[in-house]
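Ligands are counted one by one from 1 in listed order, and the atoms in each one are counted from 1 as well. Predicted model only: the values in this text are computed from it and were never measured.
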Amino acid sequence: MLDGTLLGGALSRLDEAARHIAIDPDVIERLKFARETTKARLMIRMDDGSRKSFLAWRCRYDDTRGPTKGGIRFHPDATAEEVETLAFWMTMKCAVMDLPYGGGKGAVQIDPHALSKAELERLSRAYVQAFARVIGPDRDIPAPDVYTNPMIMGWMADEYAIIRGEPVPAVITGKPIALGGSLGRGDATARGGYYLVNHLAGQLGLGAGMRVAVQGFGNAGQYVARLLADDGHRVVAVSDSRGAVACDAGFDVARLLALKAVGKSVTAMANEPGVRKISEAELIAADCDLLVPAALENMIDGANAGSIRAKVVLELANGPVTPEGDRVLDAKGVVVLPDILANAGGVTVSYFEWVQNRQGYYWTLEDIHSRLQAIMEREGARVWAISREKAVSARTAAYIHALKRLAAAIEAHGTQQFFVG
Ligand code: NAD
């Protein structure tokens, strides 16, 4: 990355996009810094009676286009810089999709697998206690991210309701249906990427019977594997944090899902006929048409991008390809459908959930799917058109698209605005 940091690499995409359009430098300057990042130490009671504390953050990166929106990650490697980078990406993503939001993000530096369910609930409630003044349905609206889920969102919504003295379902999205969650939120990230690939398949040279490799078999990875397999495509390689496996004939995706549902790794398939264990590097280099990174940041870089054989990379994860990785893939002619577009189905259905909570009127699954499909196709086609017209990568095109919307909103706010921080 340009200045060697995750955020520096992310911001370099902004500079690259700005080279292709006439844009006020003030706009770029404003988007280079998070508006507000709050740090807290969450102290919780463990089941054995001891107390432990964990670092936590909430970042509101930019709220020019509306309240900030973004998930909460529970991960041992979480840092303030990662949170700010993810919040920056959310800012760009909401602008690409024309959602009335700015970008936010949160995290707790913890391995949630090491906690009991009761400890996890106490941690989730402690997060909301620490950040109740920062979040709010018109200010900053969290959602799930890596190693957080609807159950955790339910506890958080409940804690916020206790603090406010009334239910405020629109404060958080990705909630259980019983607490005002939306139909269709579970598979929204994957489904958005799936609609995008289907819509652009002709231009991307993809067709029936694609071979697909999925890195990271969690929420996003599992659902995309299922949607693609249901259409007759072959999922030939998958991985999770415990390893990777390949099956040239195509996995029985239902079996993989069943393994994950009982807490096992995809590597439990390794002894099945036709399945072999592979390395993470072999998964990246799998002989496939579509590679779907759906795990974490920086998985594809200048060192391993050259090994990629896929025609198209669908970034369901945030930031899986580094700027150096991008340059290698561009030179090879591999199309990267960028995170700020490809995985935006999740925040789009989160937006639908927020709208439904505020209306108090709930939509059918068909409504959700058709509205999501329409937005993915509309913005996907616009990004693709910019990429053709300006002869730039789909990533640069998505940043151009987002920047124009952000610039219009920054200008509309007035030019004498300043931050009090
Ligand atoms: P998740 O926790 O459900 O799944 C993450 C998966 O990645 C797990 O299966 C884990 O085992 C695997 N993993 C971790 N480290 C790995 C490694 N080194 N190699 C291979 N696999 C590894 O998380 P998720 O919600 O599916 O999120 C995955 C990515 O998608 C993240 O980058 C997240 O920010 C992004 N994303 C998620 C959503 C959403 O709605 N869930 C929306 C937009 C973007």
Proximal atoms of ligand 1 relative to [X] (non-hydrogen, under 4.0 Å):
X: S239; answer: 20 (C)
X: F217; answer: 9 (O)
X: V146; answer: 2 (O), 23 (O), 27 (O), 31 (C), 33 (C)
X: R73; answer: 31 (C), 32 (O), 33 (C), 34 (O)
X: L316; answer: 30 (O), 35 (C), 36 (N), 44 (C)
X: E280; answer: 19 (N), 20 (C)
X: D145; answer: 33 (C), 34 (O)
X: R185; answer: 40 (O)

Counting both backbone and side chain atoms, is some N or O of [X] under 3.5 Å from an N or O of ligand 1?
X: A220; value: yes
X: K105; value: no
X: L86; value: no
X: N219; value: yes
X: E297; value: no
X: T189; value: yes

Atom CZ of R255 with >12 non-hydrogen neighbours under 6.0 angstrom: no

Would you say K52 has more than 12 foreign heavy atoms packed within less than 6.0 Å of its NZ? no

Salt bridge between [X] and [Y], side-chain N to carboxylate O under 4.0 Å?
X: R139; Y: D63; result: no
X: R73; Y: E297; result: yes
X: E121; Y: R125; result: yes

Can [X] and [Y] be counted as having a side-chain donor-acceptor contact under 3.5 angstrom?
X: H233; Y: R211; value: no
X: S265; Y: D240; value: yes
X: T267; Y: R242; value: no
X: R395; Y: Y399; value: no
X: Q356; Y: S182; value: yes
X: D231; Y: Y194; value: yes

Closest candidate by heavy atom, reference atom 15 (N) of ligand 1, pool S241, S265, G186, G319: S241

Heavy atoms only: which of N318, V349, T348, V214 lies closest to atom 32 (O) of ligand 1? N318

Tell me which protein heavy atom sits closest to [atom], plus the residue, atom name and distance to 0.1 Å.
atom: atom 2 (O) of ligand 1; result: Y147 N, 3.0 Å
atom: atom 31 (C) of ligand 1; result: A295 O, 3.1 Å
atom: atom 5 (C) of ligand 1; result: G218 CA, 4.2 Å
atom: atom 21 (N) of ligand 1; result: D240 C, 3.2 Å

Does the side chain of Y160 reach to within under 4.5 Å of the side chain of I172, using non-hydrogen atoms? no

Verify whether the ring centers belonging to F131 and W57 lie closer than 6.0 Å.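 For F131 and W57, the ring centres are not under 6.0 Å apart.
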
At a non-hydrogen distance cut-off of under 4.0 Å, which region of P320 contacts ligand 1 (side chain, backbone, both, or neither)?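 No part of P320 is near ligand 1 at this cut-off.
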
Under 4.0 Å, heavy atoms only, figure out whether ligand 1 is touched by the backbone of M299, its side chain, both or neither. side chain

For R242, state whether at least one heavy atom is located under 4.0 Å from any atom of ligand 1.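 Not so, R242 does not reach ligand 1.
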
For the pair D140 and R60, evaluate salt bridge (Lys or Arg N to Asp or Glu O under 4.0 Å) and give the outcome as yes or no after the intermediate values. CA-CA 7 Å; D140 179 35; R60 295 175 64 246; 5.0 Å; no

